[in-house]
Structure formats: structure tokens, C-alpha cells
Amino acid sequence: MRVAIGSDHGGYELKEVIRKHLEAQGLKVNDFGTYSADSVDYPKYGFAVGSAIIEGKADLGIVICGTGQGISMAANKISGIRAAVCSETFSARMAREHNNANVLSLGARVIGAGLALDIVDTFLKTEFAGGRHALRVDLLSNIERGEKV
Ligand code: RB5
């Protein structure tokens, strides 16, 4: 599995922890920055990770900012991206299983690194259930196309 990862300065330290954790598992991680704790603008990193998925360069993405909110909003502006902010493992599992989320968003000022790694592992190992959930995810695409649902 190829994972795209990105953060702003608020998520930089946690991104480094997650990147090393994934690389230790033998996963291919494409790191879109930021590469220091200097202040940057989170939309650029949400856009970079989301774009990598849409362009087929990664299977799933992880974005991190202080709260997980702003960077998820940026990623969700990209057609085809379904980014879910998760602060516990149940939501991470359900976001994959029911919503086919393709980006996990974390708040580095909300949760600790230990919980974040559990959430990441849960998100990456859970498969989309399909079935009735696929119909609902398709409706999300309809909304993106400007259709009424
Ligand atoms: C940066 O200070 C902070 O606003 C950002 O990391 C994030 O929490 C925004 O949603």
C-alpha cells in the first residue's frame, strides 16, 4: 500500500512519528511536507495529499494539522476526496468501512501520538464494505457533480 502524508507546522511532529511508524511496517510513504516546525498554510498540504490520491500516486492519505479540521477541509475541496477527521478508532474504522474515506485527518493538538498510531493502523487495515454503502458513497459523487440527491 502506498500512503501519502502531509501536515502543517501544527502537525509536523506527529507526521514524523506516523511516517516512521509506517516505514517500519514496510509501507511506501510519500511525504508531501511540511518538513519543519516553521509556520505554513495547511490548505497547501491538504491539497498535495488529496491530489496525490486523485492522480493515482497513493492509495490512501493521512493529513495532520493542529485540530485536523482545516487540512481536512482543504482535502475535501478536491473532487473524489473523502477526508474524515478521527479522534478515536471507531470513527476511523467506520469511515473506511461505510464511507470509503480515502484520507484520514488527525489533530495533533487533540490526541496523543499513541492513540494517533492506533487510529492510523485501524484506518489503513479496514476495507470498504461496499453494498448499500457504495450506493451512498456514489450519492456523494452526485453532489460533487452538482446534482440533487
Ligand atoms: C495552525 O495554527 C492551526 O490553525 C492549524 O494547524 C489547524 O488547526 C487548522 O485547522
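Small disclaimer: the values here were computed from a predicted structure and weren't measured.
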Closest contact, heavy atoms only, A37 versus H9: O-CB, 3.4 Å
Whether over 12 other heavy atoms sit under 6.0 Å from E127 CD: no
Working for side chain to side chain contact (heavy atoms under 4.5 Å, CB included), residues L22 and I62: CA-CA 11 Å; L22 296 179; I62 300 170; 3.9 Å; yes
Qualifying salt bridge (Lys or Arg N to Asp or Glu O under 4.0 Å) pairs, either residue in residues 92-113, two or more places apart: R93-E97
Distance-minimising heavy-atom pair for F32 and Y45: O-CD2, 3.5 Å
S51 OG to I78 CD1 distance, which is reported to the nearest 0.5 Å: 4.0 Å
Closest heavy-atom pair and its distance - A116, L106: CB-CD1, 4.3 Å
Side-chain donor/acceptor of T126 to backbone N/O of F123, under 3.5 Å: no
Side-chain (R2) to main-chain (N30) donor-acceptor, under 3.5 angstrom: no
Hydrophobic cluster membership, I5 vs V63, 4.5 Å side-chain cutoff: no
Co-membership, hydrophobic cluster, residues V110 and I18, 4.5 Å side-chain: yes
Hydrophobic cluster identity match, V120 and M1, side-chain contacts under 4.5 Å: yes
CG on L139 to CD on E147, rounded to 0.5 Å: 9.5 Å
Main-chain N/O of K57 paired with E55 side-chain donor or acceptor, under 3.5 Å: no
Shortest non-hydrogen separation from A4 to A52 and the atoms involved: CB-CB, 4.2 Å
Trace of the side chain to side chain contact (heavy atoms under 4.5 Å, CB included) decision for H133 with N100: CA-CA 8 Å; H133 303 294; N100 201 14; over 6 Å; no
Inter-residue atom distance D41.CG - C65.SG, 0.5 Å rounding: 12.0 Å
Smallest separation among heavy atoms of A101 and L60, with atom names: O-CD2, 3.9 Å
Hydrophobic cluster identity match, I81 and I71, side-chain contacts under 4.5 Å: yes
Lys/Arg N to Asp/Glu carboxylate O, E16 vs R19, below 4.0 Å: yes
Residue that, paired with I119, satisfies side-chain contact (heavy atoms from CB on, under 4.5 Å) out of L115, L117, T122, D121: L115
Gap between atom OG of S91 and atom CG of N99 - 0.5 Å precision: 9.5 Å
Side chain D8, main chain G11, donor-acceptor under 3.5 Å: yes
Interatomic distance, Q25 atom CD to H21 atom NE2 [nearest 0.5 angstrom]: 4.0 Å
Atom CZ of F47: over 12 foreign heavy atoms under 6.0 Å: no
Crowding at CD, E13 (>12 non-hydrogen neighbours, <6.0 Å): no
Minimum heavy-atom distance between S72 and V85, given as atom pair plus value: OG-CG2, 3.4 Å
I54 backbone acceptor or donor facing N102 side chain under 3.5 Å: no
Cluster check L27, I64: I/L/V/M/F/W/Y, side chain < 4.5 angstrom: yes
